[in-house]
Amino acid sequence: MQTLAVMVTTPPHSNLTTTAIDYIECAIQKGIKVIGVFFYQDGVLNASSYLSLPNDEYQSIKQWQRLNKEYDLPLHICVTAGEKRGLTDEIDDQTGKKTQTNINDAFILSGLGELVELSSKADRVVQL
Amino acid sequence: MQTLAVMVTTPPHSNLTTTAIDYIECAIQKGIKVIGVFFYQDGVLNASSYLSLPNDEYQSIKQWQRLNKEYDLPLHICVTAGEKRGLTDEIDDQTGKKTQTNINDAFILSGLGELVELSSKADRVVQL
Amino acid sequence: MINKKQSIAILNSTAPFASTNGKDALDLALIFGSYEQNTSLFFQGDGVYQLVKKQSPDKISTKDYLKTFAAFEFYDIKHIYVCAASLDQRALSDDFHIDNVTVLTTSEFSKELHARKIILRF
Amino acid sequence: MINKKQSIAILNSTAPFASTNGKDALDLALIFGSYEQNTSLFFQGDGVYQLVKKQSPDKISTKDYLKTFAAFEFYDIKHIYVCAASLDQRALSDDFHIDNVTVLTTSEFSKELHARKIILRF
Amino acid sequence: MTILHLIRSSAFSSNDLKQCISNIEHYDNVVLLDDGCYNINHPLMKQLQDKSSMINLYIVKDHAQARAVNFDDISKEVLNSITMTELVALTFSNDSVVTWQ
Amino acid sequence: MTILHLIRSSAFSSNDLKQCISNIEHYDNVVLLDDGCYNINHPLMKQLQDKSSMINLYIVKDHAQARAVNFDDISKEVLNSITMTELVALTFSNDSVVTWQ
């Protein structure tokens, strides 16, 4: 079985991200094993749980969630790129407690090492 | 007194934003009245309260806070652009209550009408 | 309160779909127009692709924000200018998906731009 | 576990400060290198500005991430290639702020790029 | 080793296509997608067409049609229109992929 | 009415400078800042210099020095080096501002 890893660097409100989603779904339906998507640079914004795109626009976040659920597709977001863009996995409110995350559940916070791992395992790595 | 409004469209991790901050501070020190900064497109990311830039990098967020505090500089972020990038002024947690904001206190959520108002009042509008 | 009318140029230089520039510029144009500011739209460079007829954004799952261009008159957008040289370079005709577009030479385009008090470019 | 070594090209095509592309590419190169992948850096187009000597990022309040280039050897980065034509077009010399940079003709540059299994461009 | 080149930007705005062309070798595949479809009418297209005996050149049909980019008058021997699924296939028939965006 | 043109991008990568040049009129001011400083060595610079009798051309000194862009061999009659404070002054000595970025 052919394996594929994808690096996404474009934000949810760009049509380039729609292309990435389309490409990944076509790959899966063609029988390619997509071993993971790594979100880097502005790509991490796809994981924001407070994202609100107008109802009549393409809902990239819902598409990512669907791909994650239907096909068990791992969605990794780069922790450093996330922090630079306001995405964090622990928020200290006034009480100093770790409360909630602003990252959507379909996504996993990962280090850059995860991309190395995906790259070492995949037959092809595509940047979209 | 000469008046100025500035529209910022670049994110906090870009050096172009450093230029905007530098320009605005020079204007204020020169005796120009900067009546407001309007953050649009990726510029809204400057307002994220969970932003974490590496300590040894330029802290644009602290600079915006300082300009806001020292000079009473109004910082408006566009609500629509904010929503597209995960910034919101009310977060419903499990209890359904309006709890906290992920927007830094130095910034005000505003509609596009605010930019029209700034434009109608300022002697010059500069996009940076 | 909006205490004086300004002449505003919204200068479009980006193709419609890959970035939100076109949509963001449109939103600005409509709001300036609805506040009765003297608002004009300028299309140059890849921005002229926003005016091309028979686009089908549905083929790439994108909302057709270009449809809203039909509402320019309603929003009191004064002028819509397009740069002839930019059309020529891209082998595009002057057959646009909206009416009342004025095709200008590079020199005329520049002069109209210079007549505005505020210029925002996307 | 990292179960096989891949040859990786990180292709730099952006100038250093206005975007984070250069820094983001550097971070990738260092991590691939530290995991003992066969990693090479390629500089072409405006990416060659990252190699220019005597830059002073402090003048624009920016951290000098270019300093980290000195650590390439430590991180086991195999090769650093730069496109001669890109240097020429920008009137730049081959006097770089790091050692062990190989200047290649356009054709050699392309051939080296083709020898890599994974190519990531910034 | 052959490269699959993905051209995602307009050469009227950016330098990406020009850089891509300097990195094309025999048997490479070049695909115009997203805003890359606009390049059909760019002067650099001639350089790509001149290489058509040594490379294969493709355009993603839906991306071109979305933009009203008409490629009917270009011979199929020079430019092939493909679907996204065919793009996936090209990913595996080449040895590596570079995205010019 | 004169325009202050702010050039913030490299003409080696983007089409912005070319578009700017087509919109320059007599008495306009043009400033190279940020990555726009790289344009000192771009062929389009000649077109700007040829206009130097009808426009004023500036470069933000700190931005050029940060990038090791050397403009010493360009006559001060053609290119003036300025500070950010002087850029603010230019904002008000022109009627409007366009940012090419």
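Letters A, B, ... are given to chains in the order of the sequence lines, protein chains preceding strands, and every chain is numbered from 1.
Enclosure of atom NZ in Lys63(C) by more than 12 non-hydrogen atoms of other residues, nucleotides or ligands within 6.0 angstrom is indicated. The local environment of CG in Asp56(A) is crowded, with over 12 non-hydrogen atoms from other residues, nucleotides or ligands closer than 6.0 Å. Environment of CD in Glu73(C): sparse, with no more than 12 heavy atoms of neighbouring residues, nucleotides or ligands closer than 6.0 Å.
Residue-level contacts of residues 3-21 of chain A with chain C, in order of numbering, are His13(A), Ser14(A), Asn15(A), Leu16(A), Thr18(A); threshold 4.5 Å between heavy atoms. Interface with chain C: from residues 31-45 of chain A, no residue qualifies, criterion being any non-hydrogen pair under 4.5 Å.
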